[in-house]
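When reading the values below, keep in mind they use all heavy atoms of this one structure, side chains included, and skip hydrogens, waters and symmetry mates. Chain letters run A, B, ... following the sequence lines, proteins first, then strands; residues in each count from 1. All values reported here derive from a predicted model rather than from experimental measurement.
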Amino acid sequence: MAEDEQEYDFSSIEKKWQDYWEREKTFRAEDGSEKPKYYALDMFPYPSGAGLHIGHPEGYVASDILARYRKALGFNVLHPMGWDAFGLPAEQYAIKTGTHPSVTTEANVRNFRRQIKSIGFAIDWDREINTTEPGYYKWTQWIFLKLFQRGLAYVDEKPVWWCPNLRAVLANEEVVDGKSEVGGHPVERRNLRQVVLRITAYAEKLLAGLEDLDWPDSTKRQQKAWIGRSEGAEVRFEVDEIEEELVVYTTRPDTLFGATYMVVAPEHPLLEKLVSPEKAEEVKSYVEAAAKKSDLDRTDLAKDKSGVFTGSFCLNPVNGKKIPVWVADYVLISYGTGAIMAVPGHDERDFEFAEKFDVPITRVIARQDGDEEKAKLPYSGPGIMVNSDEYDGMDTDACKAKIIADLEAKGCGKGAVNYKLRDWIFSRQRYWGEPIPLVWVSLEDYGKAGRKDGPVTELMPEESVTTMRDGETLYALPLPACELPLRLPEVENYQPSGTGESPLATIPEWLEVWFDVESGRTEARSGPKPQGENWVPATRETNTMPQWAGSCWYHLRYLDPDNSDRLVDSEKEAYWQSPDFYIGGAEHAVLHLLYARFWHRFLHDEGVLANPEPYRKLFHQGLILGEDGNKMSKSVGNVVSPDVVIEAYGADSLRLFEMFLGPLEAVKPWSEKGIEGVHRFLRKVYRECFAKDKHRPAEETDKETLRLLHKSILKVTEAIDDLRFNVAISQMMILVNHLQKSAFYSIETAKSLLQLLAPFAPHLAEELWAELGENPSIADHPWPVARKELLVAEEMTIVFQVNGKLRGQSQFPKDADKADIIGAAKSDAKVQGFLEGKEIVKEIYVPGKLVNLAVKS
RNA sequence: GCUCAGGUGGCGGAAUUGGUAGACGCGCUAGAUUAAGGAUCUAGUGCCGCAAGGCGUGGGGGUUCGAGUCCCCCCUUGAGCACCA
């Protein structure tokens with residue numbers, strides 16, 4: 001190597017081009033452009049104190065490659081970034097140190113921004129958003145008020161997951177195996193006042209909407225399972241000797257004749273009436289024990305079934321038979337009607353229970369094929385009805401329909417649909433979140449508000465939202481949009497009260513206000529009551545919103561980040577629509593991704609948005625593991641920081657290697673040696689572009705080089721379209737290896753190579769592009785087009801097989817005919833060795849590919 | 001337990017519709033260059049075998065002229081769900 005060879009000084013190259021892009025606003029997304037749009041979205045990060053880890057950039061690099069590629073294809077590209085910055089860590093840090101969460105958040109954002117910028121993304125930084133800024137959360141609150149107006153937000157005191165460690169309530173989705181998803185603390189059931197969003201009203205739409213989404217199957221399946229739609233019937237059972245009915249939900253009305261007992265959940269409202277005096281003591285202690293059990297204990301399948309007979313009987317509506325009613329905690333109050341008809345012959349759980357407590361087990365379904373082994377009880381498959389009076393002989397499906405119709409006719413049942421999905425507990429007893437823009441007033445003052453004709457009245461729901469406080473019923477009134485944002489007040493102490501109230505409840509001057517029921521204005525109650533009959537005393541809602549709120553609609557705000565009149569301008573929404581590509585971790589399959597769909601669909605129904613679905617194409621990048629094959633974690637000490645990698649190898653090497661590791665969706669280990677490999681590749685590209693004595697002006701004249709170039713253009717293009725970036729990179733390596741071995745090649749070939757490389761290693765590509773005499777930015781030059789006509793070779797290689805095994809090969813002109821080729825195969829010396837003494841029974845010729853001679857001896 | 005997705009060299013991984021398995025990279029071996037190291041380059045590298053050849057895509061069976069790819073059974077890893085009636 002020449003002494004004076006330039007070194008690949010990635011640090012200064014990367015700095016130079018990052019400055020250039022920022023200065024020139026190379027990646028600004030244009031509103032109202034004539035060009036077609038392309039919107040690439042990353043799940044925006046929570047800016048933690050730990051900084052970026054190596055997993056974050058994986059998705060960002062993928063979306064960045066698509067963004068740069070689409071830009072080169074002539075699209076007007078939007079690739080934005082922002083911060084999901086409300087959340088628990090900053091608040092817990094505040095509790096410990098007294099530092100205001102906004103201070104912590106700002107420092108963390110600054111660090112995240114620096115790190116992300118150091119990787120050289122094609123991000124339009126003018127559109128940066130932050131969920132904790134009042135200008136942003138004004139609209140989060142605005143959407144909440146819309147939900148409130150439409151009766152989709154209500155307040156309820158219900159058993160919720162309370163986490164003593166976090167001193168907060170968690171959503172169903174945030175509890176995994178009886179522990180908090182964040183931190184893994186134990187949780188327990190508590191009855192607390194909660195603001196709840198009626199996501200169940202959207203169950204059907206959320207389910208149906210999945211159909212058209214280009215999402216990973218597993219994620220669609222998870223959402224489907226979470227929504228958990230089932231079809232069946234509600235059946236009313238008369239209770240013997242008392243004037244009550246027990247309503248159950250079942251998906252198997254066909255098995256009604258097999259119901260040999262009933263079960264109600266320990267929390268069932270009718271239970272008290274059902275219990276006979278002699279059973280009272282036993283049932284009471286059972287219910288108390290069940291209440292103490294954590295849900296983990298109750299739902300543990302390994303646990304034995306437990307239960308107590310209540311002393312009551314129900315009458316089976318189809319045959320009037322008396323069947324005993326039990327109470328058992330394997331029936332959940334929160335699903336269906338909280339009561340079931342138990343059919344031990346055809347349900348595993350009921351079977352287990354019936355065996356233990358010696359309840360009769362009746363078969364009502366037989367298999368059509370009479371296979372006794374497969375029809376063993378409990379049998380839950382399809383078949384033919386037996387022991388079911390007039391339904392005997394029907395198949396199960398027909399029987400279901402008939403029984404439902406008959407029950408309906410008799411007025412003791414009806415077809416019904418049920419969902420596992422529960423309403424979304426939306427309130428958090430925390431400081432660092434969006435304040436919920438509601439105030440609480442008396443019944444009288446609520447009535448007063450209802451009679452006005454102002455912005456408050458307009459947002460009032462049809463059915464009032466109420467809560468009990470100190471024996472008084474209070475009514476919720478909305479703050480009108482003109483009073484938003486409702487800012488987070490300053491607070492002395494971030495410590496939650498521990499009683500289920502947020503720190504906001506400890507600030508009387510914020511909490512207690514005079515409220516104008518017409519205009520929605522507020523004044524501190526510590527001051528005198530303002531003039532006018534519209535002013536009433538009110539108390540603010542002290543709960544804040546969960547972290548999911550801000551991320552439900554952030555993809556919209558990027559389209560119009562500074563709009564103070566609307567959450568997004570309609571024209572801008574119409575142009576940009578929803579992201580063409582959305583990438584992020586699979587762990588959000590039912591949280592963020594379900595909530596965001598709910599809000600988006602709601603806003604669509606409200607006429608605010610043109611599109612019903614927020615994310616049409618979704619992709620999950622796979623986890624990057626530590627070099628030891630374990631999940632990266634501080635405690636194991638296998639964490640790789642992007643800062644360190646960039647320092648050692650540069651951002652381009654980092655980008656390239658994250659994509660070269662393997663398929664984007666795969667879980668794959670990091671490798672220090674591996675990044676050296678791609679770094680070597682980039683150095684090789686650098687050397688080739690500086691090897692001026694090998695360059696020739698004008699078009700490529702070497703046929704082989706030209707063919708490989710166009711093959712590479714084709715393959716890289718297709719690989720990017722298919723998100724198979726590892727394959728694209730290996731093709732570029734093949735091309736560069738070839739150039740390196742060539743004595744000469746056209747400078748145009750080198751330029752095309754740089755264009756292919758630019759989305760992956762943009763800094764180096766820009767640098768060398770300029771070095772070869774072109775103007776920046778390479779990102780603005782049209783993507784090369786593969787000339788497919790060059791890909792057809794003049795000669796073809798035909799493989800010779802005997803009995804499917806490779807025995808030889810030869811070159812033929814591309815118009816050679818079948819007979820000649822088979823003849824050549826047969827006379828091939830090596831092939832002949834395998835034909836000797838054998839008879840050819842079949843000759844196969846696959847045009848352009850192979851000859852296979854089938855022989856037998 | 002149920003559902004889904006995987007299992008290809010020492011390692012990460014390639015392989016249109018069934019048609020040359022192991023591209024590309026890492027690692028390893030030998031060599032060139034070098035005072036030396038690094039860097040770079042050249043050749044080799046699935047396994048067994050001196051070779052001819054045989055064997056090879058988790059295991060077993062099948063379809064086919066031909067199977068990593070299609071079908072059946074089993075083993076195994078990962079993910080999700082987990083008393084939802």
Side-chain angles (χ1 to χ4, degrees), chain A residues 1 5 7 177 216-219 221-222 225-226 228-230 232 248-252 255 259 263 265 298-303 305 328-332 334-343 346-350 352-353 380 418-422 586-587 589-590 620 622-623 629 656-657 660-663 665-678 680-681 683-684 687 718 724 726-737 740-741 797-809 833 840-856:
Chain A
M1 283 295 113
E5 191 213 327
E7 261 308 302
D177 289 338
D217 268 349
S218 60
T219 306
R221 263 202 315 275
Q222 275 184 66
W226 190 263
R229 184 184 198 274
S230 72
V248 305
Y249 172 73
T250 177
T251 56
R252 298 298 302 271
T255 62
V263 184
R298 273 182 67 167
T299 58
D300 191 348
L301 268 171
K303 280 265 157 31
K305 295 262 184 299
D329 67 2
Y330 81 92
V331 171
L332 308 175
S334 49
Y335 183 77
T337 62
I340 63 160
M341 61 178 218
V343 185
H346 303 283
D347 181 284
E348 241 180 88
R349 300 151 300 183
D350 299 344
E352 198 192 315
F353 187 90
S380 57
N418 241 306
Y419 300 91
K420 287 198 220 175
L421 184 70
R422 308 290 149 77
E587 67 275 16
V590 286
H620 300 307
L623 215 61
L656 202 62
F657 186 55
F660 189 61
L661 270 173
E665 69 278 14
V667 176
K668 53 226 171 233
W670 184 257
S671 154
E672 183 77 20
K673 285 287 180 193
I675 195 166
E676 280 176 26
V678 298
R680 258 199 293 273
F681 163 70
R683 272 209 308 261
K684 204 184 280 186
R687 278 200 310 277
E718 287 176 350
R724 287 148 34 88
N726 54 334
V727 179
I729 293 166
S730 73
Q731 185 61 40
M732 289 188 270
M733 287 173 166
I734 293 168
L735 176 60
V736 173
N737 287 348
Q740 182 204 32
K741 289 189 171 83
T797 303
I798 301 293
V799 167
F800 304 151
Q801 296 180 340
V802 178
N803 282 346
K805 290 203 163 63
L806 179 67
R807 299 303 180 190
Q809 62 177 58
I840 297 177
V841 292
K842 200 163 184 182
E843 296 169 353
I844 288 123
Y845 173 62
V846 181
K849 292 222 164 112
L850 59 78
V851 171
N852 189 13
L853 304 171
V855 303
K856 64 175 187 189

*Asks:* Need one value for A/Thr251: base, sugar-phosphate or nothing, where a base atom within 4.0 Å counts as base even if backbone is also close, heavy atoms only.
*Replies:*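 Sugar-phosphate only.
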*Asks:* Can you tell me how far C1' of B/rC24 sits from CD of A/Gln740, to the nearest Å?
*Replies:*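 Rounding to the nearest Å, CD of A/Gln740 and C1' of B/rC24 are 14 Å apart.
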*Asks:* Would you mind classifying the nucleic acid contact of A/Gln801 as base, sugar-phosphate or nothing, using non-hydrogen atoms under 4.0 angstrom?
*Replies:*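 Here A/Gln801 touches the bases of the nucleic acid.
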*Asks:* Does B/rU40 have OP1 or OP2 sitting under 4.0 Å from an N or O in the side chain of A/Arg683?
*Replies:* yes
*Asks:* Has the side chain of A/Lys849 got a donor or acceptor atom sitting under 3.5 Å from an opposite partner on the base of B/rU17?
*Replies:* yes
*Asks:* Is A/Arg724 near enough to B/rA14 that one of its side-chain N or O atoms lies under 4.0 angstrom from OP1 or OP2?
*Replies:* no
*Asks:* Go nucleotide by nucleotide along RNA chain B from the 5' end; which of A/Ala666 and A/Lys684 gets its closest nucleotide reached first?
*Replies:*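 The residue closer to the strand's 5' end, by nearest nucleotide, is A/Ala666.
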*Asks:* Is it the case that A/Asn737 and A/Lys684 place a side-chain donor and acceptor less than 3.5 Å from each other?
*Replies:* yes
*Asks:* How would you label the contact of A/Ser334 with the nucleic acid (heavy atoms, under 4.0 Å): base, sugar-phosphate, or nothing?
*Replies:* nothing
*Asks:* The side chain of A/Arg687 lies closest to which of these nucleotides: B/rU42, B/rG19, B/rC41?
*Replies:* B/rC41
*Asks:* For a quick check of understanding: with a heavy-atom distance under 4.0 Å over all strands, which category does A/Arg807 fall into, base, sugar-phosphate or nothing?
*Replies:*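 Contact class for A/Arg807: sugar-phosphate only.
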*Asks:* Is A/Ser730 near enough to B/rG13 that one of its side-chain N or O atoms lies under 4.0 angstrom from OP1 or OP2?
*Replies:*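 No, A/Ser730 has no side-chain N/O under 4.0 Å of OP1/OP2 on B/rG13.
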*Asks:* Which part of the nucleic acid, if any, lies within reach of A/Ile734 when heavy atoms closer than 4.0 Å are counted: base, sugar-phosphate only, or nothing?
*Replies:*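 Result for A/Ile734 = sugar-phosphate.
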*Asks:* Quickly work out the A/Asn803 CG to B/rA67 P distance and round it to whole Å.
*Replies:* 10 Å
*Asks:* Does A/Lys305 qualify as a cation-pi partner of A/Tyr330, given the criterion of NZ or CZ under 6.0 Å from the six-membered ring centre and within 45 degrees of its axis?
*Replies:* yes
*Asks:* Assign A/Gln809 to base, sugar-phosphate, or nothing according to its heavy-atom contacts below 4.0 angstrom with the strands shown.
*Replies:*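 Base contact.
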*Asks:* The side chain of A/Asn852 lies closest to which of these nucleotides: B/rA15, B/rA85, B/rC65?
*Replies:*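 Between B/rA15, B/rA85, B/rC65, the one nearest the side chain of A/Asn852 would be B/rC65.
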*Asks:* Across the strands shown, which category fits A/Leu661 at heavy-atom distances under 4.0 angstrom: base, sugar-phosphate, nothing?
*Replies:*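 It contacts sugar-phosphate atoms only.
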*Asks:* Phosphate oxygens OP1/OP2 of B/rG27: is one of them under 4.0 Å from a side-chain N or O of A/Arg680?
*Replies:*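 Yes, within the criterion.
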*Asks:* Would you mind reading off the distance between A/Lys668 atom NZ and B/rC11 atom C1', rounded to a whole angstrom?
*Replies:*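 Interatomic distance, NZ of A/Lys668 to C1' of B/rC11: 16 Å.
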*Asks:* Which is true for A/Ser218 with a 4.0 Å heavy-atom rule: it touches a base, it touches only sugar-phosphate, or it touches nothing?
*Replies:* nothing
*Asks:* Identify which nucleotide among B/rG12, B/rA85, B/rU40 has an atom closest to any side-chain atom of A/Tyr249, counting heavy atoms from C-beta outward.
*Replies:*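 The answer is B/rA85, which lies nearest to the side chain.
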*Asks:* If you look at every strand shown and take non-hydrogen atoms under 4.0 Å, does A/Gly228 touch a base, only sugar-phosphate, or nothing?
*Replies:*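 Since no nucleic acid heavy atom lies under 4.0 Å of A/Gly228, the category is nothing.
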*Asks:* With respect to the phosphate group of B/rA85, does any side-chain polar atom (N or O) of A/Tyr330 fall under 4.0 Å of OP1 or OP2?
*Replies:*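 Looking at the OP1 and OP2 atoms of B/rA85, neither is under 4.0 Å from any side-chain N or O of A/Tyr330.
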*Asks:* Counting side-chain heavy atoms from CB outward, which of B/rC65, B/rA39, B/rA14 is closest to A/Pro663?
*Replies:* B/rA14
*Asks:* Under 4.0 Å, heavy atoms only, any strand: does A/Asp350 hit a base, just the sugar-phosphate, or nothing?
*Replies:* nothing
*Asks:* Side chain of A/Thr797 only, heavy atoms from C-beta on: which candidate in B/rG19, B/rA39, B/rU20 is closest?
*Replies:* B/rU20
*Asks:* How long is the line joining NZ of A/Lys305 and C1' of B/rA85, in whole Å?
*Replies:* 11 Å
*Asks:* In whole Å, what is the span from the CG atom of A/Asn737 to the P atom of B/rA23?
*Replies:* 13 Å
*Asks:* Just wondering, do A/Trp670 and A/Ile675 contact through their side chains at under 4.5 Å, heavy atoms?
*Replies:* yes
*Asks:* For A/Tyr335 and B/rC81, what is the distance between atoms OH and C1' respectively, to the nearest whole Å?
*Replies:* 14 Å
*Asks:* Scan A/Asn418 against the nucleic acid and name what it touches under 4.0 Å (heavy atoms): base, sugar-phosphate only, or nothing.
*Replies:*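 Touches nothing.
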*Asks:* Map A/Lys805 and A/Tyr419 onto RNA chain B by nearest heavy atom, then report which one ends up closer to the 5' terminus.
*Replies:*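 Final value for this comparison: A/Lys805.
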*Asks:* For B/rC11, does the base pair up with any side-chain atom of A/Lys673 as donor and acceptor (N or O, under 3.5 Å, distance only)?
*Replies:* no
*Asks:* Could you tell me the separation between the CG atom of A/Leu735 and the P atom of B/rA23, rounded to a whole number of Å?
*Replies:* 18 Å
*Asks:* Please walk me through it: do A/Met733 and A/Val678 pass side chain to side chain contact (heavy atoms under 4.5 Å, CB included)?
*Replies:* CA-CA 9 Å; A/Met733 287 173 166; A/Val678 298; 4.1 Å; yes
*Asks:* In whole angstrom, give the distance that lies between atom CD of A/Glu348 and atom P of B/rC81.
*Replies:*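 Nearest whole value for this atom pair: 20 Å.
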